[in-house]
A.B. asks: 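Below is one structure. I have some questions about it.
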Amino acid sequence: MAVLSEVVADARHWWIPLDPEVVQRSWQHSQRHSQPGRCWDDYLGRLCLVGLAEGLAELEALGLSKIQPGLSPSLSVWTAVWEGVGGCVLRVMPEMVIAEGVTAEGVTAERVTGNDRTTDEIRLVVIPGDEIDAEALVVPQEWVDVPDWRGHYYLAVQLCGEAEAAEVGDEECEPYGLRVWGYASHRQLKERGDYDPQTRNYVLSRPDLQEDLTALSVTLRHCDTQGTQAVVEPLAVVSAVQRENLLERLGDPALAFPRLAVPFALWGALIQDEDWRKRLYQRRCQGWVGQVDAQVTRLSQWLEGQFEQGWRSLTDLLGPGTAFAPQLRSGMVDSREIGQSDLTSGFPLKRAKSIILGGISGEMTDESADDVSRVILLVSVVPTSIQSDSVLQVQVQLHPLCGQQLPPRVRLVLHDPEQVMDLQAIESGAADTYLQLTPLTGRVGETFQVRIEYPVSSQTHPSQEQDAAAPWTVTELFRL
Amino acid sequence: MRPRQDLAELFSTFLQLETGTSGRWSHEPTLRRSILRALQLQPNQAAKATNAFWVSYWLEQHRQQHSFPSSASVSSAPTSSGHRLSQHHLLAYTQEACYWASYRFHKTMAQFAAISDQTLADYFQIAQAQFSKVLAGFSPDRGATLETYAELAFTHRLKDAVRQQKTLDICSNWSLLRRTSRKQLQETLEYQSLSPALQQPYLWAWLCFREGWVGASAPGARRRLAPATEDWQAIAQAYNQSKPPEQPLATPEQLEQRLTQMAAWLRAYLHPSVQSLNQLQYGEEGEERLAGLSDPTAWAQSEGFVGSPSLLTNLIAEEEINERQRQRSQLDQVLAQAIQTLKPEWQTVLDLYYRQGLIQSQIAKHIGCSQPSVARYLLRAREALLNALVTWSQQTLNIVSSPDRIAQQGDAMEEWLMGHYGSQSRE
């Protein structure tokens, strides 16, 4: 049976269906804010960054196969943005047509791609909402007047299906989807939009908006970005002392509208700085900081050659010619590795961290530790395809450092911090050479936790209340 | 439906739809007097004869007196009577466009009675009620006539209205408020004749409500239907902390009351009763107001517009009308040719979508492919056509493409597609 969204579809707009799993996941990740409204903006922002970017590529909406979230590829950076203001950025690198003609064979075109003299990266600021009336594009001032945040074009996006799903129940359910129903350039917003000083928004009413997104695709092919942006006022220069004061004042989570509480030039200067933005978030959302800002190992950054402290290559960690980890050296593990072993690509990328079971820190410097309790947590990462590095495959293994076997009763647990739930757990037996979690596949930005448990007490006090004693644990938080 | 013939009739009669598709034209005396008077006063005999001239004339009048550009909705904005007069002449003129948009929309919707089961007359009324918004989006420079443009714009408005209506029907007051734009709320408050100062406490209450209550729980889970006591306390705290200093403090109860009131006003505003739709026609009051104004010159002067119809004639030179006609035939040539160069399946999709008014899943079934493919074909076909148009204007007319220019060409193309396929679908 046809659904409403399809029956009233408009060929000028883009309709991007949303995968229910993306919706579910976006919701779960969006709840770490000081107020419901901030969580909501986070939710909408995530749906756009993930769903819209993918959907547009799928639809070949801009004639492009790759669209990237702006600012940073990592979704965690956005959490701090959305604590301040809703909206997000997609970056596209369009193919620019320099000569085109209609011939007998059809339309021919000569193109230049990317990085050429005329094409710049184009910033599309996405303004999501779920209003049932689409009479205006309402853009928070931050996206217009903060120089580094400005976009070339602004997309009006409407989330559909949300209310229907919640209020009607499953039978009559409209599918979740994003309807991109209009756009405007920065210049149009500045020149034709009404600035509302109370809410600090630029409001461009519908007749002043271009509703045919096809025109945007064609514009990106024919025009460079020159002239799409109007001049904006520089923001205030804010001294360190002033910033601390601002942080003090705006960091109060009971303050409902930090973005409206001080003059815009000050607020803009604070929020545009990633570091201060993060600090503001930390103050306003103290309860959540642990989860967001704990020492996170970012696996996608490994692919770019950036490794967190403690994670070392196997040769570096083991050193040449030592007797450590014989089976790791022998190559017997390699046959079970994820991905295609490809010498030229350097994948899978492996990094390892040494851990002392029951030790205070994970460092090997603790000389008193016996050899048995020294283990290696080995993580291998490989992109699932060469074209796209946004989906990664990860394998986690635990190896003994010195001997041939792991001590018995070591548990390796895979934990989902969002759902607060263990997904997988394996325990070493009497003669296990290593432990291995089922390989994981996930998208950049997703997180998972690996926990190692070891019943220390059972060794020191074998007779007493084995089961009641909490095991020693160490936790590693990873973000793809 | 009998086609209308003479000029006076075109600008002063409204279609009265009865059951089914039959209808009759009914005269609006005030409008008739106004157009006859204007015809008499118009010295330029040649221009007087064309519809295009009088459309331009009333558009110009409308533009001159347009004091509330985008927020003007038929029943709410305090517009001047002269403004209303010109708007109603244009509404009379676009009755056929409104009819055909409603007719086609009704034909499509009739297949999906579960979604919306309104009659043709209902749709006609809904579309007509949106006329001021339709008119606000019209730009004569794009090449399409008002008729073609209006038919397309009415269609878009009908789609919006049905989409809105569906949500409106299932939303609780609280989620309705959550999902209403500030702009629409302001219109609602204006409709209740609240001055900007009196609107303040409502708009701030709404802003705090929006930030403090989302109402959604995890996707798929049932929505919490109303804010709880602690939500109201948080909302009140936010309100008292951020409200403009001249506003008094408010308790959670007061805010709840204020928002409840707004929801009621909003529903009344979004669900215009039949009576308010009839305000389109002049009642006795309107007659009175217009009695002294039936001389366009006097009325134009009384509205602060200095000039007479003869001056206006110069503004809307005949050449301009001719120029527009020339543009139209060029557009026709370029696009008709470009369609021929499209892949056959793209051509089929365009035809099924624009002529037959099929929806994507029906098209998919028709040509035996997936629905996402249809979406892609339609998108690519429109993109190829617009691209051909832009390229042609660069090469032939030496026009440098700009985002604005391409956007205008996009609108012109959609209007052309509607005219091209649409005119063939009326039989």
Side-chain angles (χ1 to χ4, degrees), chain A residues 1-2 4 6-12 15 20 23-24 27-28 35-37 39-40 58-61 63 100-102 106-107 130-136 138 162-168 176 185 199 203 205-207 210 212 214-215 217-219 221-223 227-228 254-257 260, chain B residues 70 108-109 112 115 136-137 156 159-160 162-164 166-168 170-172 175 179-184 207-208 210-214 216 218-223 237-238 241-242 341 353 359-361 375-376 378-380 382-384 386-388 390-391 401-403 406-407 410-411 414:
Chain A
M1 219 212 71
L4 175 71
E6 193 203 341
V7 177
V8 297
D10 186 330
R12 300 171 306 160
W15 170 258
V23 174
Q24 198 75 37
W27 178 269
Q28 283 160 2
Q35 289 163 73
C39 295
W40 185 250
E58 176 103 340
L59 191 63
E60 298 169 25
E100 189 161 25
V102 183
V107 179
D130 72 331
E131 284 84 8
I132 55 172
D133 56 298
E135 289 304 324
V138 180
E162 175 75 29
E164 288 76 4
E167 304 201 18
V168 178
Y176 276 92
S185 70
T199 52
V203 182
S205 63
R206 192 161 159 192
Q210 178 55 32
D212 193 340
T214 302
S217 301
V218 175
T219 300
R221 296 177 73 190
H222 287 276
C223 308
T228 56
L255 181 70
F257 302 101
L260 303 179
Chain B
S70 51
T108 304
M109 295 307 285
F112 310 105
I115 292 171
H156 295 146
K159 288 180 174 178
D160 287 349
V162 168
R163 192 188 284 121
Q164 266 197 29
K166 185 81 179 170
T167 320
L168 207 58
I170 58 166
C171 268
S172 69
S175 46
R179 303 187 66 197
T180 299
S181 69
R182 187 175 156 93
K183 192 174 161 70
Q184 188 141 62
L207 199 66
C208 297
R210 218 181 124 71
E211 185 68 13
W213 189 77
V214 165
R222 248 186 128 70
R223 183 170 285 244
Q237 193 199 342
Q241 171 198 84
S242 61
T341 68
Y353 182 83
I359 65 170
Q360 287 183 7
S361 57
R376 259 199 308 272
L378 190 57
L379 188 134
R380 298 312 288 272
R382 295 178 78 261
E383 207 173 281
L386 181 55
N387 207 35
V390 169
T391 308
S401 290
S402 69
I406 293 174
D411 287 335
E414 183 70 358

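Naming convention: chains lettered A, B, ... in sequence-line order (proteins, then strands); numbering from 1 in each chain. What you see is a predicted model; the values in this text were computed from it and never measured.
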A.B. asks: Which pair of heavy atoms, one from A/Val7 and one from B/Ile359, lies closest together, and at what distance?
C.D. replies: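 Shortest heavy-atom contact: CA-CG2, 3.9 Å.
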A.B. asks: Indicate the atoms forming the closest heavy-atom contact of A/Ser205 with B/Lys183, along with that distance.
C.D. replies: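 For A/Ser205 and B/Lys183, the tightest heavy-atom pair comes out as CB-NZ, 3.6 Å.
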A.B. asks: Can you say whether A/Ala9 sits under 4.5 Å from chain B via the side chain, the backbone, both, or neither, judging by heavy atoms?
C.D. replies: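 For A/Ala9, the backbone is the part near chain B, not the side chain.
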A.B. asks: Can you check whether A/Glu131 reaches B/Thr180 side chain to side chain, under 4.5 Å on heavy atoms?
C.D. replies: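 No, their side chains stay 4.5 Å or more apart.
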A.B. asks: Is there side-chain contact between B/Pro403 and A/Ser185, with at least one heavy-atom pair below 4.5 Å?
C.D. replies: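 They are not in side-chain contact.
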A.B. asks: Need one label for B/Leu207: side chain, backbone, both or neither, based on atoms under 4.5 Å from any heavy atom in chain A.
C.D. replies: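 Contact with chain A: backbone and side chain both.
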A.B. asks: For residues A/Arg12 and B/His156, determine if any side-chain heavy atom of one lies less than 4.5 Å from a side-chain heavy atom of the other.
C.D. replies: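 Side chain of A/Arg12 against side chain of B/His156, heavy atoms only: contact under 4.5 Å found.
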A.B. asks: For A/Ala256 and B/Ala238, work out which heavy atoms get closest and say how close.
C.D. replies: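 Closest heavy-atom pair between A/Ala256 and B/Ala238: CB-CB, 3.4 Å.
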A.B. asks: Rounded to the nearest 0.5 Å, how far apart are CG of A/Asp130 and OG of B/Ser181?
C.D. replies: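 With rounding to 0.5 Å, CG (A/Asp130) is 11.0 Å from OG (B/Ser181).
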A.B. asks: Please confirm whether the backbone N or O of A/Val8 pairs with a side-chain atom of B/Arg163, one donor and one acceptor, at under 3.5 Å?
C.D. replies: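 It does hold such a pair.
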A.B. asks: If every non-hydrogen atom of B/Ser401 is compared with every non-hydrogen atom of A/Cys223, which pair is closest and at what distance?
C.D. replies: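 Closest pair (atom of B/Ser401, atom of A/Cys223, distance): O-SG, 3.6 Å.
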A.B. asks: Of all the heavy-atom pairs spanning B/Gly137 and A/Pro207, show the shortest one and how long it is.
C.D. replies: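 Nearest heavy atoms, B/Gly137 then A/Pro207: CA-CB, 4.0 Å.
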A.B. asks: Quick one: what part of B/Gln237 sits under 4.5 Å from any heavy atom of chain A, side chain, backbone, both or neither?
C.D. replies: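 When you check distances to chain A, only side chain atoms of B/Gln237 fall under 4.5 Å.
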A.B. asks: Between A/Thr199 and B/Arg182, does the side chain to side chain contact (heavy atoms under 4.5 Å, CB included) criterion hold? Intermediate values first, please.
C.D. replies: CA-CA 10 Å; A/Thr199 52; B/Arg182 187 175 156 93; 3.5 Å; yes
A.B. asks: Distance from A/Ile132 atom CD1 to B/Cys171 atom SG, nearest 0.5 Å?
C.D. replies: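 A/Ile132 atom CD1 to B/Cys171 atom SG measures 6.0 Å (nearest 0.5 Å).
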A.B. asks: Tell me the closest heavy-atom pair linking A/Ala254 and B/Gln241, and the distance in Å.
C.D. replies: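 Shortest heavy-atom contact: O-NE2, 2.9 Å.
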A.B. asks: Could you have a look at B/Arg210, B/Met109, B/Gln184 and say which one has the most heavy-atom pairs with chain A under 4.5 angstrom?
C.D. replies: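 Going by pairs under 4.5 Å, I would pick B/Gln184.
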A.B. asks: Can you tell me if B/Ser361 and A/Glu6 form a side-chain donor-acceptor pair at under 3.5 Å?
C.D. replies: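 The criterion, which ignores hydrogens and geometry beyond distance, is satisfied for A/Glu6 and B/Ser361.
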A.B. asks: Which residue out of A/Ala215, A/Ala134, A/Pro36 racks up the most heavy-atom pairs below 4.5 Å with chain B?
C.D. replies: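 When all of A/Ala215, A/Ala134, A/Pro36 are compared, A/Pro36 has the most.
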A.B. asks: Which region of A/Gln210, side chain (C-beta onward) or backbone (N, CA, C, O), has a non-hydrogen atom less than 4.5 Å from a non-hydrogen atom of chain B, or is it both or neither?
C.D. replies: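 Just its side chain gets close to chain B.
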A.B. asks: Between A/Asp212 and chain B, with a heavy-atom cut-off of 4.5 Å, which part of the residue counts as in contact: side chain, backbone, both or neither?
C.D. replies: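 Contact with chain B involves the side chain of A/Asp212 alone.
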A.B. asks: With a 4.5 Å cut-off on side-chain heavy atoms, are A/Arg206 and B/Asp160 touching?
C.D. replies: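 Yes. Closest side-chain heavy atoms under 4.5 Å.
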A.B. asks: Could you go step by step and tell me if B/Asn387 and A/His222 meet the side chain to side chain contact (heavy atoms under 4.5 Å, CB included) rule?
C.D. replies: CA-CA 9 Å; B/Asn387 207 35; A/His222 287 276; 2.6 Å; yes
A.B. asks: In Å and rounded to the nearest 0.5 Å, what is the OG1 to CD1 distance from A/Thr219 to B/Ile406?
C.D. replies: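 So the OG1 of A/Thr219 and the CD1 of B/Ile406 are separated by 4.0 Å.
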A.B. asks: So what's closer than 4.5 Å to chain A heavy atoms on B/Ser242: side chain, backbone, both or neither?
C.D. replies: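 When you check distances to chain A, only side chain atoms of B/Ser242 fall under 4.5 Å.
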